[in-house]
Participant: 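Before I ask anything, here is the structure I am working with.
Just so it is clear, the values below take in all heavy atoms, side chains as well, and ignore hydrogens, waters and symmetry mates. Residue numbers count from 1 along this sequence. All ligand and atom numbering here is 1-based and tracks the order in the structure.
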Amino acid sequence: MPNNKTVVSQEQIAHQYEYMQFIARMNEDKAQVRGQRPKAFTQTFGCQQNEADTQRIAGMLDEMGYEKTDRTEDADVIVINTCAVRAHAESRALGNVGALSHLKKARPEVTICLCGCMVQQEHMPDKIKKSYPQVDLVFGTHALWRFPELLYRRLTGDKRVFDISGDAAGYIAEGLPVLRDGGTKAWLSIMYGCNNFCTYCIVPYVRGRERSRAPEEIVHELEQLVADGYKDITLLGQNVNSYGKDLDEQIDFSDLLMRLNEVPGDFLLRFMTSHPKDASHKLFDTMATCDKVAKQLHLPFQSGSDTVLKRMNRGYTAEHYRELIAYARSKMPDISLSSDIIVGFPGETEEDFEKTRTLVAEVGFDMLYTFLYSKRSGTPAAEMPDDTTHAVKQARFERLLKTQDETVQARQDAYQGKRLRVLVDGMSKGTEYPLTARTEGGLLVCCAGDDLKIGEFADVEIEKTSLRCLFGRSV
Ligand code: 5AD
Ligand code: SF4
């Protein structure tokens, strides 16, 4: 069903390029005077989607003539891309902004920008206006593509610029620059936003409705990434299984995977995140047959209790989740599985929690991301009665981590002596196994071997294991 998203016109994108050029000229003048280019610092909180957004911001900053720096003290522009998914992410971002007040006093000409999910929340602009006077520019997720224009306004005299406007139906902006880190890994956004409204989650409020990029744009970007030497490419969306529902063309996520699998080259495709409500047998059949699609699945179940799942508005039962996993394993016996879990959702009883713990023990995940429930104002769960104390929630959290570590360790141990194909992607901190690599399932391997080269696939034999890492030697 088509939604009311706005596809930003190429004319508007061209305007943004004009603003980038204006700033680039200003920066050239500055560089002449100083003998070095002005610098930009970026920092990202939150998920991979946010990292991908920061790479777009970095692409724009690069186009504007800023050189990258890792030090706020050296920066002319500081951009903090924030997350709102849990209170902890917000307080860390705000803490960092607070710490920048000294820098702003010492160098008032520095431009401090705050963007992303946290600032898109209704109450945030006021809070920033009142309590964080050091912040010069605030822009929400819907205004990201207008960053050059907003920065230009700030640099040419506007006092403080706030733009969290935008229609919740959301925007698709193609053709803006992206600056990736180099190396082997790249993010590729295939869609934005979320329609699921899980009752605990702020994402649909801050990232707008689901909207898919046109398949040809995605294919084109993948071809470009492969040509640039990227080999480990992760397709991103809040719920990739909904891909295509808003497009006129009849295409779903499995069809897209098949198209991308046809792109020539030696690379691996991963994707995240999948929603159990929409993950289909067709998807698992497609994964099994596409040689470039990694046999890896991140399928968050959040809770093993049906009553909690219902209150979370997740749209599936624990039994359905088990069936999905069984089907995926029947098609791909070596599939690597990971999940997200929330402990301490309002009203979660001891019995509910035990159901979650049983599911963890039963499935045997390769990786788990477990979170304590964090109340997000504006979400339905924030209004639900919650009489479990923090201490009880914390104790459950720790018990779950113990179960999780035991099952993950058992999965890791099962790799002992196995031969695995890995992609070597960097240097490790150790000397015995000096390189790092990822298995097709996304597991970290520290490895050794004279013939191993960063950026290339290799076969290694696993010599030992730990909770977070496998250790292998090339064979
Ligand atoms: N509290 C705790 N965890 C949350 N997540 C999302 N919203 C909340 C919240 N309010 C977790 C979910 C999701 C992951 C990205 O973050 O597990 O899958
Ligand atoms: Fe990502 Fe959600 Fe955090 Fe936004 S709020 S950065 S979408 S995890």
Participant: Of I128, T141, V135, V206, which is the lone residue that meets side-chain contact (heavy atoms from CB on, under 4.5 Å) with V119?
Facilitator: I128
Participant: Taking distance alone, with no angle check, do Q302 and ligand 1 share an N/O pair under 3.5 Å?
Facilitator: yes
Participant: For F197 and Y205, what are the C-alpha separation, side-chain angles and deciding distance, and is it a ring pair (Phe, Tyr, Trp, His ring centres under 6.0 Å)?
Facilitator: CA-CA 8 Å; F197 290 94; Y205 305 90; 5.4 Å; yes
Participant: Quick one: which of V293, D252, I190, V240 gives a side-chain contact (heavy atoms from CB on, under 4.5 Å) with L257?
Facilitator: V293
Participant: Start with the C-alpha distance between D136 and C113, add both sets of side-chain angles, then the distance that settles side chain to side chain contact (heavy atoms under 4.5 Å, CB included), and finish with yes or no.
Facilitator: CA-CA 6 Å; D136 301 282; C113 314; over 6 Å; no
Participant: Show the atoms of ligand 1 that are less than 4.0 angstrom away from any heavy atom in R376.
Facilitator: 10 (N)
Participant: Could you work out, for atom 9 (C) of ligand 1, the closest of C198, G46, S374, A382 by heavy-atom distance?
Facilitator: S374
Participant: Counting heavy atoms only, which part of F371 comes closer than 4.0 Å to ligand 1: side chain, backbone, both or neither?
Facilitator: side chain
Participant: Verify, without hydrogens or angle tests, whether K68 (side chain) and A58 (backbone) share a donor-acceptor contact under 3.5 angstrom.
Facilitator: no
Participant: Taking the six-membered ring of Y192 (Phe, Tyr or Trp), confirm whether the NZ or CZ of R211 is under 6.0 Å from its centre and within 45° of its axis.
Facilitator: no
Participant: Does the residue L372 have a heavy-atom contact with ligand 1, meaning some pair of atoms that are separated by less than 4.0 Å?
Facilitator: yes
Participant: Given that the side chain starts at C-beta and the backbone is N, CA, C, O, which of these parts of I342 lies under 4.0 Å from ligand 1, counting heavy atoms, or is it both or neither?
Facilitator: side chain
Participant: State the atoms of ligand 1, each with its element, that fall below the 4.0 Å cut-off from a heavy-atom position in V85.
Facilitator: 6 (C), 7 (N), 8 (C), 9 (C), 10 (N)
Participant: Hey, is ligand 1 close enough to Y373 that some N/O pair sits below 3.5 Å?
Facilitator: no
